[in-house]
Undergrad: 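I have a structure here, written as structure tokens, and I will follow up with some questions on it.
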Amino acid sequence: MKNGQQWKDIHGNYIQAHGGCILKYNGIYYWYGEHKGADNCPNSRRVDVIGVSCYISKNLVDWEYKGLVLEAVKDNPESYLHPSKVLERPKVIYNAKTQKFVMWMHMDSADYKLASAGIAIADKPEGPFRLLKVKRPNNQELRDMTLYKDVDDIAYLIYSTDHNNTISIDKLTEDYTDLEGSYTFAMVNQMREAAAVCFHGNKYYMVTSGCTGWKPNSTLYSTSDHIMGSWKLIDNPCEGENYRITFYGQSTYIFEADNRLFLMLDHWNANDLKCSGYSILPIEFDEDGIMHINWCSDWDGI
Ligand code: GAL
């Protein structure tokens, strides 16, 4: 697969899983993301909500479409899932205690003023997911967001808040379907979004983009000794040509495969969002724990 371009599934159809995430469960990789398979709304840089799609693969290259795991609700304009709304960056984690798959996503009104989280659960990874609630976490605005499940199985919601000025890191309840109540801030007044989190060595790493809508900008990463500790801004981890515009992409998720960490990027095509591309790039760390991300023209999976 060519990084930065649109990718096709095993049936030859373009993959619609933008702003996505990858979950490994029972030896299978599940890729969830925004289905944007429609034309942009007239004179607009948005696509009506279609739903959250799911693809499965064993090698991260041959993807089979499993359909929409959470679908738009077309007949009720009041529904948070009505096509006229916004549903972005769905992330799914597995809760071993409840044996449920828990999805959090950015749910919004078309003007992005609702700025809330949607929480949905499913019994199986291929869904269907049931929307439980839509709320502002700890009464804070939420726009770009991700989930991070720590080694102790405690999970966190990490999101841009306060008009995208600051990142908030909020602890989830044991069943992952709500907020436990404690939270902390990172990159205060730095205007970062598209957060993706991982752990390496003895530190947590958070990759973020700047706030320029669908246009690419510089990735920066921060580190912290504790996920809810004090985060320190380090540098741009991207190297080589186009490193200052994240190789024309924007971060969406970090996942582990074969004991290596990989960064997923979206390559947004603002005027025709359904034609946006993807890439998956290996993340390297040197002996000092410095993060390095280099462009690779091909993604060959594992
Ligand atoms: C981006 C954000 C996307 C989407 C877009 C809307 O900055 O990362 O998820 O919200 O803005 O313009």
Side-chain angles (χ1 to χ4, degrees), residues 4 15-22 31-53 70 72 80-81 83-92 103-118 134 136-137 140-147 157-168 186-187 190-197 206-221 238 244-254 263-279:
I15 294 179
Q16 287 295 333
H18 310 277
C21 71
I22 286 179
W31 178 0
Y32 303 92
E34 303 160 29
H35 197 302
K36 287 188 169 317
D39 290 341
N40 279 24
C41 300
N43 306 317
S44 147
R45 294 184 154 202
R46 71 180 292 282
V47 168
D48 275 351
V49 174
I50 295 170
V52 177
S53 53
L70 183 69
Y80 289 113
L81 285 165
S84 62
K85 307 288 167 65
V86 166
L87 191 177
E88 291 179 343
R89 296 184 179 266
K91 306 291 176 237
V92 178
M103 178 189 294
W104 284 67
M105 69 211 104
H106 170 197
M107 297 194 90
D108 225 317
S109 42
D111 60 5
Y112 284 87
K113 285 190 175 151
L114 185 71
S116 295
V134 176
R136 283 193 167 178
Q140 305 184 114
E141 281 185 348
L142 172 146
R143 292 196 175 85
D144 279 8
M145 55 138 283
T146 193
L147 293 177
L157 172 69
I158 297 129
Y159 56 99
S160 304
T161 193
D162 184 22
H163 306 286
N164 288 346
N165 276 306
T166 296
I167 299 277
S168 189
M187 278 152 282
Q190 305 279 313
M191 290 210 79
R192 307 300 299 170
E193 60 180 9
V197 176
M206 191 193 304
V207 161
T208 55
S209 78
C211 292
T212 54
W214 305 117
K215 289 201 205 86
N217 54 54
S218 294
T219 294
L220 292 174
Y221 80 98
C238 301
R244 292 184 73 175
I245 46 166
T246 316
F247 319 113
Y248 294 97
Q250 184 186 29
S251 47
T252 182
Y253 202 65
I254 296 174
L263 175 67
M264 297 174 79
L265 299 179
D266 290 298
H267 293 261
W268 300 114
N269 181 340
N271 295 319
D272 195 3
L273 285 160
K274 67 176 178 307
C275 296
S276 301
Y278 310 99
S279 49

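Nothing here was measured: the structure is a model prediction, and the numbers come from that model. First listed ligand is number 1; within each ligand, the first listed atom is number 1.
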Undergrad: Roughly how far apart are Cys275 SG and Lys36 NZ, rounded to 0.5 Å?
TA: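 Rounded to the nearest 0.5 Å, the SG-NZ separation comes out at 12.5 Å.
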Undergrad: In terms of side-chain heavy atoms, does Lys91 have a donor or acceptor partner in Thr252 at a distance below 3.5 Å?
TA: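 There is such a pair between these side chains.
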Undergrad: Checking Gln140 against Thr161: is there a side-chain donor and acceptor pair closer than 3.5 Å?
TA: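 Short answer, no.
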Undergrad: I'd like the contact residues of ligand 1, where contact means a heavy atom below 4.0 Å.
TA: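 Contacting ligand 1 under 4.0 Å are Glu88, Arg89, Tyr112, Asp144, Glu193, Gly213, Trp214, Gln250.
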Undergrad: Does Tyr159 have any ring-ring contact (aromatic ring centres under 6.0 Å, His included) partners at least two apart in sequence or in another chain, and if so, which?
TA: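 So Tyr159 forms no ring-ring contact (aromatic ring centres under 6.0 Å, His included) with any residue.
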Undergrad: Among all residues two or more places apart in sequence or in another chain, which pass the salt bridge (charged side-chain N to carboxylate O under 4.0 Å, His left out) test with Asp144?
TA: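 Checked Asp144 against salt bridge (charged side-chain N to carboxylate O under 4.0 Å, His left out); matches are Arg89.
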Undergrad: My understanding is that only residues two or more places apart in sequence, or in another chain, count here; which of them pass ring-ring contact (aromatic ring centres under 6.0 Å, His included) with Phe247?
TA: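 Here the qualifying residues are Trp295.
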